**Student:** 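Structure incoming, see below.
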Amino acid sequence: QVRLVESGGGLVQAGGSLRLSCAASGRTLINYAMAWFRQAPGREREFVGAITFEGSTTNYANSVKGRFTISRDNAKRTVYLQMNSLKLEDTAVYYCAVGGSASYYSQFYNYWGQGTQVTVSS
């Protein structure tokens with residue numbers, strides 16, 4: 001099995017920044033993509049960003065493009081999400097996921113973390 005543990009969430013004012021981390025542990029993974037999704041109260045889980053194993057390709061939701069940056073450190077089996085210029089609508093539980101490709105769609109990810117809360121205040 002693979003365990004994913006997110007960290008770095010918290011309360012931040014609008015316009016501020018946060019950096020989320022997600023560390024993977026457990027069985028060995030090969031050529032795996034990592035991604036971030038988020039879910040706000042009363043809304044469906046939505047794609048935020050994804051990165052291929054080599055880090056050569058990244059995909060972002062339009063709503064975060066230019067503000068969020070996804071990166072990874074394979075030696076640490078960790079993916080990061082740098083979030084800048086945060087908006088009230090970025091408030092959500094953020095989940096990391098592992099899958100075979102940097103897909104926009106949640107069904108292509110096999111493993112999920114428990115989530116970390118990000119709250120943006122005015």
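All values reported here derive from a predicted model rather than from experimental measurement.
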**Student:** Is it possible for you to check whether R67 lies under 6.0 Å from the centre of the six-membered ring of Y60, through NZ or CZ, and within 45° of that ring's axis?
**Tutor:**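 That pair does not qualify as a cation-pi contact.
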**Student:** Calculate, to the nearest 0.5 Å, the distance between atoms OG and NZ belonging to S122 and K87 respectively.
**Tutor:**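 If we round to the nearest 0.5 Å, S122:OG and K87:NZ are 15.5 Å apart.
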**Student:** Looking at every non-hydrogen atom in both residues, tell me the closest pair between S17 and N84 and how far apart they are.
**Tutor:**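 Here S17 and N84 meet closest at OG-OD1, 2.9 Å.
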**Student:** At their closest point, which heavy atom of L88 faces which heavy atom of V120, and how far apart are they?
**Tutor:**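 Smallest interatomic distance, heavy atoms only, reads CD2-O, 3.3 Å.
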**Student:** So which atom in R72 and which in I51 form the shortest heavy-atom distance, rounded to 0.1 Å?
**Tutor:**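 The answer is NH1-O, 3.5 Å.
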**Student:** Given the rule that I, L, V, M, F, W and Y join up when any side-chain heavy atoms are under 4.5 Å apart, are F68 and W36 in one cluster?
**Tutor:**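 In one cluster with F68: W36, yes.
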**Student:** So how far is it from N31 CG to S101 OG, rounded to the nearest 0.5 Å?
**Tutor:**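 That separation rounds to 12.0 Å.
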**Student:** Do Y80 and L20 share a hydrophobic cluster (ILVMFWY, side-chain heavy atoms under 4.5 Å, transitive)?
**Tutor:**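 No, separate clusters.
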**Student:** Which atom pair, heavy atoms only, marks the closest approach of V64 to V48?
**Tutor:**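 Residues V64 and V48, closest heavy atoms: CG2-O, 3.5 Å.
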**Student:** Within a reach of under 6.0 Å around CD of E89, are more than 12 heavy atoms found that belong to other residues, nucleotides or ligands?
**Tutor:**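 Enclosed: over 12 neighbouring heavy atoms sit under 6.0 Å from CD of E89.
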**Student:** Once rounded to the nearest 0.5 Å, what's the spacing between atom CD of Q82 and atom CD1 of I70?
**Tutor:**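 Output value for this atom pair is 12.0 Å.
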**Student:** Which ILVMFWY residues are connected to W112, directly or by a chain of links, through side-chain heavy atoms under 4.5 Å apart?
**Tutor:**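 Besides W112, the hydrophobic cluster comprises F37, F47, V93, Y95, Y104, Y105, F108, Y109, listed by chain and residue number.
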**Student:** Please find the pair of heavy atoms, one from A50 and one from S103, that lie closest to each other, and give the distance.
**Tutor:**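 Here A50 and S103 meet closest at CB-O, 4.1 Å.
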**Student:** Taking the side chain as every heavy atom from C-beta outward, state whether R27 and V2 have any pair of such atoms under 4.5 Å apart.
**Tutor:**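 Contact flag for R27/V2 side chains = yes.
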**Student:** Answer yes or no: does atom CD of E54 have more than 12 heavy-atom neighbours from other residues, nucleotides or ligands under 6.0 Å?
**Tutor:**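 It does: E54 CD has more than 12 such atoms within range.
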**Student:** Measure the spacing between CG of L81 and OG1 of T116 and express it to the nearest 0.5 Å.
**Tutor:**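 Output value for this atom pair is 11.0 Å.
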**Student:** What I'd like to find out is whether the side chain of D90 reaches to under 4.5 Å of the side chain of R38, using heavy atoms alone.
**Tutor:**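 A side-chain contact exists here, since the closest heavy-atom pair is under 4.5 Å.
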**Student:** Quick check: are there more than 12 heavy atoms from other residues, nucleotides or ligands sitting under 6.0 Å from CD of Q117?
**Tutor:**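 Yes - once you tally the heavy atoms of other residues, nucleotides and ligands closer than 6.0 Å, there are more than 12.
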**Student:** Enumerate the residue pairs fulfilling disulfide bond (SG atoms under 2.5 Å apart) with a member in residues 4-122, sequence neighbours excluded, ordered by first and then second residue.
**Tutor:**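 Every disulfide bond (SG atoms under 2.5 Å apart) pair that includes a residue of residues 4-122, provided the two are not neighbours, is C22-C96.
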**Student:** Are the side chains of L29 and R77 in touch, meaning some heavy atoms are under 4.5 Å apart?
**Tutor:**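 Counting from C-beta outward, L29 and R77 do come under 4.5 Å.
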**Student:** Mind listing the closest non-hydrogen atom pair of R43 and Q39 along with its distance?
**Tutor:**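 Nearest heavy atoms, R43 then Q39: O-NE2, 3.0 Å.
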